[in-house]
*Asks:* 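Just dropping this structure here.
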Amino acid sequence: DIDCVYEALLNTAIDVDSLEANSHLDEVWIKEVIKKAGMKLKWSKLKQERIRENKDAVRRPGTDPALLKPRSPVVTIMGHVDHGKTTLLDKLRETQVAAMEVGGITQHIGAFLVSLPSGEKITFLDTPGHAAFSAMRARGAQVTDIVVLVVAADDGVMKQTVESIQHAKDAEVPIILAINKCDKTDADPEKVKKELLAYDVVCEEYGGDVQAVHVSALTGDNLMALAEATIALAEILELKADPTGPVEGTVIESFTDKGRGPVTTAIIQRGTLRKGSILVAGKSWAKVRLMFDENGKILNEAYPSMPVGIIGWRDLPSAGDEILEVESEPRAREVIEWRKSEQKEEKGKDDLKIMEEKRKEHQEAHRKAREKYGSLHWRERSYIKYLERKEQRPLKPKEKVERQSNVLPIIIKGDVDGSVEAILNLLDTYDASHECELELVHFGLGDISENDVNFAETFDGVIYGFNVDAGSAIQQSAAQKGVKIKLHKIIYHLIEDLQEELSSRLPHTL
Ligand code: GDP
């Protein structure tokens, strides 16, 4: 019956607009998260907003073919969890750092360039997994030219392999197959190729056009062949861009650097970015003060396909936001003002109202579940305390029972778009035990705030922070309110912690 109760809970609707009003994150994540939470959403409003938003500063229409110059491919690595995406990225990055012999500190800018001995370059996006990819695409941002599909030769085609293939197909991005872990004794690369036939990924030896490279990300074996295959495919694709005229690009990540303020990393897609350029992205604008690459090296110019860190933003744009160059600061302000005023019309709800709404939604879900399934052993949540305070009376035991459930409400805060997304991605793999359901009540970027603590208190939730801090005042307030704040610097630790928390909340049936 518990299943049925969840079903009822999951039918709760959430007001996406109010969620967005409260965080920097874009609707795609919200959508994913809400999908994860199984909730329905009021979607159309936001979409309309986006469409309007982009009306005022627009991409240039078609370019004179004579102006087009070849550009490097931009590659996303996808594949099933544990098949070696991160290891592959690390190895590729390592090769690059070794080849460049620079003593610079590697900076995480969401993407990096690999130069081949031939002088050819490849840009790798370094958030593995398909969440980033689909998040961008859902916003109309197509950054990736080629998908490198990693399949472990000892494991074969798995669920996320198939999902990755689907994502690449939907985006009409060609695939190169990296059959990984070929160093293992039980590796069976041929089996992988055969399995993939069922998903319409046909390798060259089966008469198809998908190049397959046998690699070991661990030993670095054959990575050069993989890079060469990528270049060969890029040549066939005839990737070109116009390096002149106003700049266009896409935000890969954005975060606040303590010393430097808002930093955005982007892939340039058209034009050449220079110091002093005026850019707009989302609801923020920038006069480019400084540009740097993944080695922290200052850049004077950034060309199409180059990943670049940009400093000079007034606020934080979001991952997937389109970057457009405009002619002047007044023009940038005008565009942003326009975009903001459009947004304001749709909003105007403060956090308290959001919480109140959420609380009502919960009550409603519980009411429905009760109606349908009668009395159950719901677990107590401390928003009962909240209700008691609000109603200024203790709830009767019977009333309490009516408001209990087996849900672990969580709040996730991360340092950059990419990390929050990676966590959400991992949560996706959490197989609901049907005994305790995860419920993301709030998420965002930056250090833990009072607002997060309030959310957590209201929903008896736990705050998970990744690479962020919680100031001592916040810690104190959390302690007073009985809110747990858990800070981690390693995603897997965070997930493990979450799993422990979940099992501690399993129902204690009598
Ligand atoms: P991801 O989840 O796809 O990012 O996978 P990881 O890169 O984290 O790799 C998962 C595990 O597989 C790690 O323990 C890696 O050390 C291991 N691994 C990755 N590539 C190879 C490989 O080529 N050979 C072997 N033997 N192990 C590998």
Side-chain angles (χ1 to χ4, degrees), residues 75-97 106 108 110-112 114 124-135 144 146-168 175-193 195-196 199 201 211-230 252-253 414 416-431 466-467 488-496 498-499:
V75 175
T76 297
I77 294 182
M78 295 206 245
H80 194 69
V81 64
D82 276 349
H83 279 195
K85 300 179 291 292
T86 314
T87 311
L88 181 59
L89 280 164
D90 286 347
K91 202 53 139 200
L92 287 164
R93 197 187 291 110
E94 232 173 71
T95 321
Q96 188 54 19
V97 172
T106 311
H108 177 75
F112 61 94
V114 166
F124 285 95
L125 295 184
D126 74 358
T127 317
H130 49 247
F133 179 81
S134 42
T144 304
I146 294 170
V147 162
V148 166
L149 179 67
V150 176
V151 185
D154 60 338
D155 203 19
V157 173
M158 304 298 284
K159 182 165 168 271
Q160 286 159 309
T161 315
V162 177
E163 284 170 14
S164 302
I165 295 169
Q166 200 50 53
H167 282 299
I175 288 174
I176 290 179
L177 181 61
I179 304 182
N180 193 32
K181 307 201 185 182
C182 285
D183 57 293
K184 287 187 136 183
T185 46
D186 55 345
D188 190 351
E190 298 313 317
K191 187 169 150 253
V192 172
K193 290 182 207 171
E195 282 175 353
L196 283 171
Y199 302 95
V201 174
Q211 304 180 76
V213 189
H214 298 197
V215 300
S216 166
L218 198 66
T219 64
D221 208 34
N222 239 7
L223 293 197
M224 192 47 76
L226 179 63
E228 277 161 8
T230 310
I252 304 297
E253 279 186 0
V416 293
D417 282 358
S419 59
V420 176
E421 202 158 319
I423 294 166
L424 300 186
N425 216 6
L426 282 169
L427 293 185
D428 253 349
T429 61
Y430 166 69
D431 198 7
F466 178 73
N467 266 342
H488 290 277
K489 294 220 179 294
I490 295 171
I491 290 192
Y492 278 103
H493 289 173
L494 189 151
I495 298 295
E496 272 168 19
L498 196 66
Q499 273 158 354

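Just follow the structure's listing: the first ligand is 1, and inside any ligand the first atom is 1.
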*Asks:* Which one holds for Asp183 and ligand 1: side chain close, backbone close, both close, or neither close, with close meaning a heavy atom under 4.0 Å?
*Replies:*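 It is the side chain that gets close, since no backbone atom is under 4.0 Å.
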*Asks:* Only heavy atoms of Asp82, strictly under 4.0 Å: list the atoms of ligand 1 that pass.
*Replies:*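 Close to Asp82: 1 (P), 2 (O), 3 (O), 5 (O), 10 (C), 12 (O).
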*Asks:* Distance only, no hydrogens: is a donor on one side chain within 3.5 Å (strictly under) of an acceptor on the other, for His83 and Asp155?
*Replies:*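 Yes, Asp155 and His83 have a side-chain donor paired with an acceptor closer than 3.5 Å.
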*Asks:* Going by the side chain to side chain donor-acceptor pair (under 3.5 Å) test, name the single residue among Asp183, Asp221, Asn222 that passes it with Ser216.
*Replies:*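 Answer to the side chain to side chain donor-acceptor pair (under 3.5 Å) test with Ser216 among Asp183, Asp221, Asn222: Asp183.
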*Asks:* Does any N or O in the side chain of His80 come within less than 3.5 Å of the main-chain N or O of Gln160, such that one atom is a donor and the other an acceptor?
*Replies:*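 Checked: pair present.
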*Asks:* Do any nitrogen or oxygen atoms of Val81 lie less than 3.5 angstrom from nitrogen or oxygen atoms of ligand 1?
*Replies:*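 No - when backbone and side-chain N and O of Val81 are compared with those of ligand 1, no distance drops under 3.5 Å.
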*Asks:* For atom 9 (O) of ligand 1, which of Ile77, Val215, Thr87 has the closest heavy atom?
*Replies:*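 Looking at heavy atoms only, Thr87 sits closest to atom 9 (O) of ligand 1.
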*Asks:* Report yes or no: does Lys191 contribute a side-chain atom to a donor-acceptor pair with the main-chain N or O of Gly156 at less than 3.5 Å?
*Replies:*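 Judged by distance alone, no pair lies under 3.5 Å.
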*Asks:* Rounded to the nearest 0.5 Å, what separation is found between the CD atom of Gln211 and the CG atom of Leu226?
*Replies:*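 Atom-to-atom, Gln211:CD and Leu226:CG are 9.0 Å apart.
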*Asks:* Would you say Asn180's side chain and Ala217's backbone share a donor-acceptor pair under 3.5 angstrom?
*Replies:*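 Indeed, once roles are kept as given, a pair shorter than 3.5 Å links the two residues.
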*Asks:* Would you say Lys184 has any N or O atom under 3.5 Å from an N or O of ligand 1, going by distance alone?
*Replies:*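 Checking ligand 1 against Lys184, no N or O pair falls under 3.5 Å apart.
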*Asks:* In Å and rounded to the nearest 0.5 Å, what is the NZ to CG distance from Lys184 to Asp154?
*Replies:*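 Between Lys184 NZ and Asp154 CG, I get 4.0 Å after rounding to 0.5 Å.
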*Asks:* For ligand 1, which atoms have a heavy atom of Ser216 less than 4.0 angstrom away?
*Replies:*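 That gives atoms 22 (C), 23 (O), 24 (N) of ligand 1.
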*Asks:* For ligand 1, which part of His83 has a heavy atom less than 4.0 Å away: the side chain, the backbone, both, or neither?
*Replies:*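 Contact part for His83 vs ligand 1: backbone (N, CA, C, O).
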*Asks:* Just distances here: any N/O of Cys182 and N/O of ligand 1 closer than 3.5 Å?
*Replies:*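 Between Cys182 and ligand 1, no N or O pair is found under 3.5 Å apart.
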*Asks:* If you count the atoms of ligand 1 from 1 in the order shown, which ones are under 4.0 Å from a heavy atom of His80?
*Replies:*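 Numbered from 1, ligand 1 contributes 3 (O).
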